[in-house]
Amino acid sequence: MSSDLDLARTFKEVWAELSGIGRAPDGGYLRFAWSPAEVALRDWFRAQAAARGMPVINDGNGNLFATWSADSAGPGGVLTGSHFDSVPHGGAFDGPLGIVSAFLAVDLLRELGFQPVRPITVAAFAEEEGSRFGVACLGSRLLTGAIDPARAAALTDRDGLALGDVFGAAPAGARPDLVGAFDAYVELHVEQGRALTQPVGVASAIWPHGRWRFDVAGEGNHAGTTLMSDRRDPMLTYAFTVLAANKEARLRDAHATVGRVEVTPNATNAIPSAVRGWLDARAADEATLAGLVEAVAKKATERAGRDGTAIRFTAESTTGEVRFDEGLAARLATLLGDVPILPTGAGHDAGVLSAHLPTAMLFVRNPTGVSHAPAESATDEDCAAGVRALARVLQELSSRPLVDHDEGVAGHE
Ligand code: GLV
Ligand code: MN
Ligand code: MN
């Protein structure tokens with residue numbers, strides 16, 4: 001079997017195949033869903049699957065599935081994988097690490113002479129970050145029926161292009177036939193903070209979180225001639241909202257971020273007529289999150305009254321608390337040598353799938369603790385440890401399925 005050194009070298013070689021795709025001069029990545037860069041990564045996925053004799057299907061929602069099975073059956077068994085898309089100028093590892101590790105774990109299992117009792121399927125989920133169409137985990141939400149395909153088709157990107165037009169049709173939506181064929185989902189992901197101090201860990205939970213767009217309307221006017229007392233400046237309401245979000249989050253040990261803003265008309269010498277911002281809020285539990293968003297909206301609305309502006313909040317994408325299957329997490333942590341079990345504030349397709357099948361996540365240490373930014377990192381050695389851990393988990397779960405499929409098994413074997 002590959003030594004740790006060989007595996008780290010193999011990881012480095014395969015990783016290098018992706019590193020130039022969608023890379024910006026600052027070292028961050030622009031890999032928006034269905035952009036040329038993300039399509040190139042999808043082509044890479046198909047080539048990797050073909051090289052391993054794994055047939056690929058697209059589920060009609062943009063998610064790709066490549067399956068290794070004894071009898072060339074369709075997707076089923078243990079599902080693993082992640083996503084290729086990135087946030088603007090995101091890190092290299094968030095997403096692609098889970099897909100690369102999945103293919104390398106298949107190689108490792110084959111090298112061991114392992115034959116899966118149930119298939120092993122590698123997935124590339126679409127639009128996990130929601131950076132293009134605004135809804136996080138869009139592909140897995142469509143697959144599991146968590147979003148209406150008509151609503152998804154109408155979502156527009158920053159250029160006003162609708163998802164339905166990118167697809168050329170409405171997405172297929174819920175695929176219970178496909179979801180029901182899987183025994184479990186295991187997503188390997190780079191850890192996105194500084195919480196993991198050894199190479200590999202297992203996830204316990206995902207904080208509830210969401211995105212709220214807030215639109216502030218005021219009155220556009222001349223920067224030089226409009227008296228300060230006559231202004232209805234939405235930028236003031238916006239600035240106050242950002243500060244209120246920060247204060248209210250700190251009071252609750254929660255997280256609040258305003259990382260995106262659009263100003264109309266966006267001119268140096270004009271009071272804006274409108275400002276649109278996006279609040280990303282996360283907390284350890286749903287009551288705290290609801291209290292945070294409510295407090296920010298209340299303070300912002302009061303401030304709008306004083307500024308002579310109007311503010312409106314719209315929930316664009318929300319995710320409830322996810323508690324991964326405790327028994328499965330404990331079993332995997334033991335299997336991997338008593339590795340730590342830890343929660344995360346980051347969202348994942350695994351969170352969406354966990355409502356439908358036993359789901360677990362493996363984390364790989366991130367020495368910078370930075371994510372969604374170019375400095376995100378993981379060493380080749382830790383990534384190799386991640387591949388080995390994932391292979392061990394796939395071996396375990398595809399030998400002893402967690403789910404009794406009855407008809408499903410009959411249909412696939
Ligand atoms: C996805 O990475 C998120 O947590 O926003
Ligand atoms: Mn991310
Ligand atoms: Mn991710």
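Note that ligands are numbered from 1 as they come in the structure, with each ligand's atoms numbered from 1 the same way. Computed from a predicted model, the values in this text were never measured in an experiment.
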Say you draw a straight line from CD of Glu248 to CD of Glu294; how long is it, rounded to the nearest 0.5 Å?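 The CD atom of Glu294 is 11.0 Å from CD of Glu248, to the nearest 0.5 Å.
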
Asp94: its N/O/S atom lying closest to the Mn ion (ligand 3) (atom name):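 Sorting the N, O and S atoms of Asp94 by distance to the Mn ion (ligand 3) puts OD1 first.
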
His189, N/O/S atom nearest the Mn ion (ligand 3):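 Of all N, O or S atoms in His189, the Mn ion (ligand 3) lies closest to NE2.
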
Give the contacting part of His348 toward ligand 1: side chain, backbone, both or neither, where contact means a heavy-atom distance below 4.0 Å.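 None of His348 does.
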
How far is atom 1 (C) of ligand 1 from its nearest protein heavy atom, and which residue and atom name does that atom have?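 Heavy-atom neighbour on the protein nearest atom 1 (C) of ligand 1: Glu129 OE1, 3.2 Å.
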
List the steps, then state whether side-chain hydrogen bond (donor to acceptor under 3.5 Å, both in side chains) holds for Asp349 with His83. CA-CA 8 Å; Asp349 295 306; His83 60 98; 5.7 Å; no

Counting each atom of ligand 1 from 1 as listed, which ones have a heavy atom of Ala346 under 4.0 Å away?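 This gives 4 (O) as the contact atoms.
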
Contact (N/O only, under 3.5 Å) between [X] and ligand 1:
| X | value |
| --- | --- |
| Gly347 | yes |
| Gln192 | no |
| His372 | yes |
| Arg282 | yes |

Could you please compute the angle at the Mn ion (ligand 2) from OE1 of Glu129 to NE2 of His372, rounded to 10°?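 Taking the Mn ion (ligand 2) as the apex, the two atoms subtend 90°.
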
Given Val263 and Val261, is the side chain to side chain contact (heavy atoms under 4.5 Å, CB included) satisfied, shown in steps? CA-CA 7 Å; Val263 183; Val261 58; 4.2 Å; yes

Does the shortest distance from the Mn ion (ligand 3) to an N/O/S atom of His83 fall below 2.8 Å?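 His83 does place an N, O or S atom closer than 2.8 Å to the Mn ion (ligand 3).
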
Is it true that the side chains of Ser131 and Arg260 contain a donor and an acceptor less than 3.5 Å apart?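 No, no side-chain donor-acceptor contact under 3.5 Å.
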
Is there a side chain to side chain contact (heavy atoms under 4.5 Å, CB included) between Val322 and Thr359? Walk through the geometry before answering. CA-CA 10 Å; Val322 173; Thr359 298; over 6 Å; no

When you compare the side chain of Leu353 with that of Leu143, does any pair of heavy atoms fall below 4.5 Å?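 Result yes, sub-4.5 Å side-chain heavy-atom pair found.
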
Taking Asp107 first and then Arg110, would you say they form a salt bridge - that is, a charged N and a carboxylate O separated by under 4.0 Å?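 No salt bridge links Asp107 with Arg110.
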
If we check side chain to side chain contact (heavy atoms under 4.5 Å, CB included) with Arg392, which of these qualifies: Leu336, Leu397, Leu332, Leu362?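 The option that passes is Leu336.
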
